[in-house]
Amino acid sequence: MLAKDLGERKLIDKVFSTAKKAREAMVTFGEENVVNATIGSLYDENGKLVVLNTAMEVFRELPAEELAGYASSFTGAPEYNESVKISLFGRDYKNFFNGHHLEVIATPGGTGAISNSIKNYLNYGDTILLPKWLWSPYILMAKEKNGSCDFYTLFNRENKFDLKDFEMRVEKLANKQDNVVIIINDPCQNPTGYRLSIEEWKEIRKILISASKLANIILILDVAYIDFDDRNNEEKKEYFEIFKNLPENILTIFTFSLSKSLTCYGMRVGAQVALSTSKKVIEEFYDANSFSCRSTWSNISRGGMKMFSNIILDEKKSAQLEKEREFYRNLIKERADIFLTEAKECNLEVLPYVSGFFLTIPTGEYTPKVEELLEKNHIYTVVLDEGIRIAVCSVTKKKISGLAKRIKSIIDEA
Ligand code: PLP
């Protein structure tokens with residue numbers, strides 16, 4: 001009975017099914033004997049979900065009508081949209097982006113931001129360009145437009161961003177499509193934890209400018225985990241400089257997520273932040289994307305937006321939030337350091353991790369066997385096409401210790 005253009009549809013979410021197996025194993029074998037490295041949310045050293053105090057204090061103070069009422073606009077409350085710009089680019093963003101056009105649309109999470117962007121810019125049946133190691137819902141979102149996917153390899157032999165491969169794929173699509181929609185998840189790439197260097201970004205910039213002579217370029221920059229990256233404000237400025245003064249037919253859409261920035265996953269708040277040198281492009285962005293908001297989810301959580309703006313527009317609360325996040329950023333770093341040091345000691349290959357919630361071990365064709373053996377040893381990870389993802393955001397230091405060596409011997413056995 002399904003509409004004909006949908007084809008066959010069935011959502012197989014391996015993350016949730018593996019997490020379920022891990023929970024069952026904990027009941028059978030005892031919690032201390034099971035490693036559940038599947039969970040993509042931040043957990044503390046007691047194995048509990050982290051909920052940032054600053055966020056909850058502000059949320060609890062909100063009057064009932066702020067929680068229950070509809071949002072004041074389909075595109076987000078003005079103070080929320082302002083807060084997203086401040087949070088992402090800093091308080092001096094107007095000065096920094098002088099001469100540019102910037103527009104924010106509030107969405108249900110980063111998921112809503114990415115899907116709204118794909119919906120409005122990927123021509124029906126076209127190919128989207130995605131990283132080979134990726135957060136897989138991007139593929140589902142492209143399928144909603146009957147789109148197919150091409151994948152840039154992400155890493156070259158030196159374990160740096162493979163610029164040659166990226167350039168070749170962008171050019172190929174620019175030669176055959178009017179719009180080339182590209183997703184880059186940076187910093188804290190899910191699943192690898194990679195962060196592109198400024199030099200790599202400068203080269204990407206050149207590639208996009210060159211391709212823009214052939215086609216419109218829509219760069220969806222998934223910055224979901226940006227607040228868990230450890231770059232300072234100066235370094236962040238250098239990063240955002242990359243997206244300034246681009247040709248008018250290059251549109252950058254930063255997709256932002258409160259799930260990660262405030263550890264409020266279930267609140268479902270996020271945003272699309274569009275940047276362009278062209279007023280017309282940004283007006284068109286606003287018109288088309290607000291149309292999609294109205295036709296898809298109408299508006300998003302009023303309380304979620306208010307909670308964020310009450311923090312960000314208050315410098316003291318904002319500093320308190322940053323301090324709390326810094327604590328957890330350091331915790332994740334400690335966990336990742338333990339894993340990476342031990343991996344080096346036992347020659348376990350890990351894809352180049354810099355920061356973020358996850359790291360990845362490439363396991364190639366042995367992946368199904370590795371998965372089977374890991375489960376036998378009560379280790380549960382997210383199994384990718386050619387690797388396994390370890391969520392350093394949720395596994396305690398105690399359980400991370402020794403994990404690399406255990407995984408190495410399992411891979412050797414496979
Ligand atoms: N982008 C990446 C890379 C993610 O891993 C996630 C969530 O796991 C999201 C975007 C979207 O998250 P949400 O919709 O909860 O904001």
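Every number for a ligand or one of its atoms is a count from 1 in the order of the listing.
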Within 4.0 Å of some non-hydrogen atom of A224, the atoms of ligand 1 are 1 (N), 10 (C)
Side chain, backbone, both or neither: the part of Y225 lying under 4.0 Å from ligand 1 by heavy atom: side chain
When you check the side-chain N and O atoms of Q272 and S117, is any donor under 3.5 Å from an acceptor? yes
Got an N/O contact under 3.5 Å between N190 and ligand 1? yes
Examine I114 against ligand 1 and note whether any of their N/O atoms are separated by less than 3.5 Å. no
Closest to atom 6 (C) of ligand 1 (judged by heavy-atom distance), picking from W135, Y138, Y265: W135
Taking side chain to side chain contact (heavy atoms under 4.5 Å, CB included) as the test, write out the residues that go with P352, two or more places apart. F155, N159, Y194
Got more than 12 heavy atoms from elsewhere within 6.0 Å of NZ, K172? no
Rounded to the nearest 0.5 Å, what separation is found between the CG atom of L275 and the CZ atom of F243? 9.0 Å
Please identify which atoms of ligand 1 are closer than 4.0 Å to at least one heavy atom of S259. 13 (P), 15 (O), 16 (O)
Which protein non-hydrogen atom lies closest to atom 8 (O) of ligand 1, naming both residue and atom, and how far is it? K260 NZ, 2.9 Å
For atom 1 (N) of ligand 1, closest protein heavy-atom neighbour: D222 OD2, 2.6 Å
Return the CD1 to NZ distance between I128 and K143, rounded to the nearest 0.5 Å. 12.5 Å
With a 4.0 Å heavy-atom cut-off (strictly under), which part of N185 contacts ligand 1: side chain, backbone, both or neither? side chain
Distance filter under 4.0 Å to G109 heavy atoms, resulting ligand 1 atoms: 14 (O), 16 (O)
Return yes if a side-chain donor-acceptor contact under 3.5 Å exists between T75 and S73, otherwise no. yes
Hey, which atoms in ligand 1 end up nearer than 4.0 Å to a heavy atom of R268? 13 (P), 14 (O), 15 (O)
Considering the options R195, K333, R325, which one meets the salt bridge (Lys or Arg N to Asp or Glu O under 4.0 Å) requirement together with D230? R195
Which one of V15, V269, T111 has a non-hydrogen atom at the shortest distance from atom 14 (O) of ligand 1? T111
Which of the ligand 1 atoms, numbered from 1, are nearer than 4.0 Å to a heavy atom of S257: 13 (P), 16 (O)
Taking only non-hydrogen atoms of Q189, do any sit less than 4.0 angstrom from ligand 1? no
Lys NZ or Arg CZ of K237 over F96 ring: under 6.0 Å, within 45°: yes
Cation-pi check, R169 onto Y152 ring (under 6.0 Å, within 45° of axis): no
